[in-house]
Amino acid sequence: MQLPDMNLLVALDALLDEGSVVGAARRMNLSPAAMSRTLTRIRDAVGDPVLVRAGRGLVPTPRAIALRSQVRQVVEQANQLFSANHDLDLASLERAFNLRANDVFIAPFSAPLLDAMRQQAPRTVLRFVPEGAGGDEDQALRDGRLDLYISATRELGPEIKVQGLFSTTFVCLARNDHPIFDDEITAERFAAFEQISVSRRGRALGPIDSALGVLGLQRRVALITPSFHSGMFSLPDSELILPLPEHMLHSVARLGLPLRSFRMPFALEPVQVMQAWHPRFDNDPAHRWLRQTLKACCSRQP
DNA sequence: CCGAAGCTCAAAGGCCGACC
DNA sequence: GGTCGGCCTTTGAGCTTCGG
């Protein structure tokens, strides 16, 4: 049986990633001419143009886009196969770790994590990547665009691995002289003030509204922001209330804004924050080290 | 030794942005 | 609008390596 040339897979991976013959050639230490000929062989093998001219550069065909994540996965698995027995040398490890997280994690834990990385693996880079279109976490984890996804969501693919990091409860933030502090804070008084909802997907309703609903109450969300930090800057000049995870209070206090916190006047389920990764990284020593380091940071902090 | 495969070098041709 | 230079991909020619 004639096996296909596996080197073509590595080249295809580089070509799809770079979107350029010159870029892929540079990555593989080849001349552009050699990479161009390799692309010709890939086209013959796949039976598709794979990359077609668009102006000065190249763009992927639909077939290439469909193949992309599969190619990435196969190449990474092959890499692991050949490097699985190598000891991890953190001192010389050069790698950028791509994480997607919101400020519930970033505010309290990014500094300790970065500190641990600097001490143990000084040549690694921590990169927080922005939200993709329409919540593409599953695909980004599969493609290897994301090393870790840190979130409270459980709506991930069945193969995705998750590990609990910490649990946090919601407290509220309002300006120092907010009228809510004038009297006892009850659920009724809480619901009477306009509020900020933090949602990366632009949602106004969440667990707080469900809990209020049980009490026969309803609040009005006047402002929706993508992060807690962007929301809190609207507090000093308004009567808005911002519910936010307790874990963020310490870093909020350091900002020196004229804000004051108070406990939720009704019961709310704690939020479990987890880290999620694709199973192909399970045995990757560097990835395992990152997960352990991150988990340790979360365990140490309040 | 020979052919196949894959490489480099050099050159051609297309496209884009800057400049007049 | 036309010209020019730079960048990119592609292709022809020739070289090296390797297996039969």
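- In this structure, Ser20(A) reaches the dT9(C) phosphate: one of its side-chain N or O atoms is under 4.0 Å from OP1 or OP2.
- The closest side-chain donor-acceptor pair between Arg37(A) and Thr40(A), if any, does not fall under 3.5 angstrom.
- Between Asp177(A) and Arg260(A) there is no salt bridge, since no side-chain N of the basic residue sits under 4.0 Å from a carboxylate O of the acidic one.
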Atom pairs under 3.5 Å, N or O on each side, protein against nucleotides 14-19 of chain C: can you list them with distances?
none

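- Side chain of Asp48(A) to main chain of Arg63(A): no donor-acceptor pair is present (N/O by atom type, distance under 3.5 Å, no hydrogens or angles).
- Closest to the Arg41(A) side chain, of the nucleotides dT9(C), dC7(B), dT11(C), is dC7(B).
- The side-chain hydrogen bond (donor to acceptor under 3.5 Å, both in side chains) test applied to Glu246(A) returns Thr169(A), Arg263(A), not counting sequence neighbours.
- Atom pair Met35(A):CE and dT10(C):C1' shows a separation of 14 Å (rounding to whole Å applied).
- Arg127(A) and Asn98(A) share a side-chain donor-acceptor pair at under 3.5 Å.
- With rounding to whole Å, Leu15(A) atom CG is found 14 Å from dC8(C) atom C1'.
- Closest to the side chain of Arg43(A), out of dT10(C), dC7(B), dC8(C), is dT10(C).
- For Asp13(A), the side-chain hydrogen bond (donor to acceptor under 3.5 Å, both in side chains) partners two or more places apart in sequence, or in a different chain, are Arg72(A).
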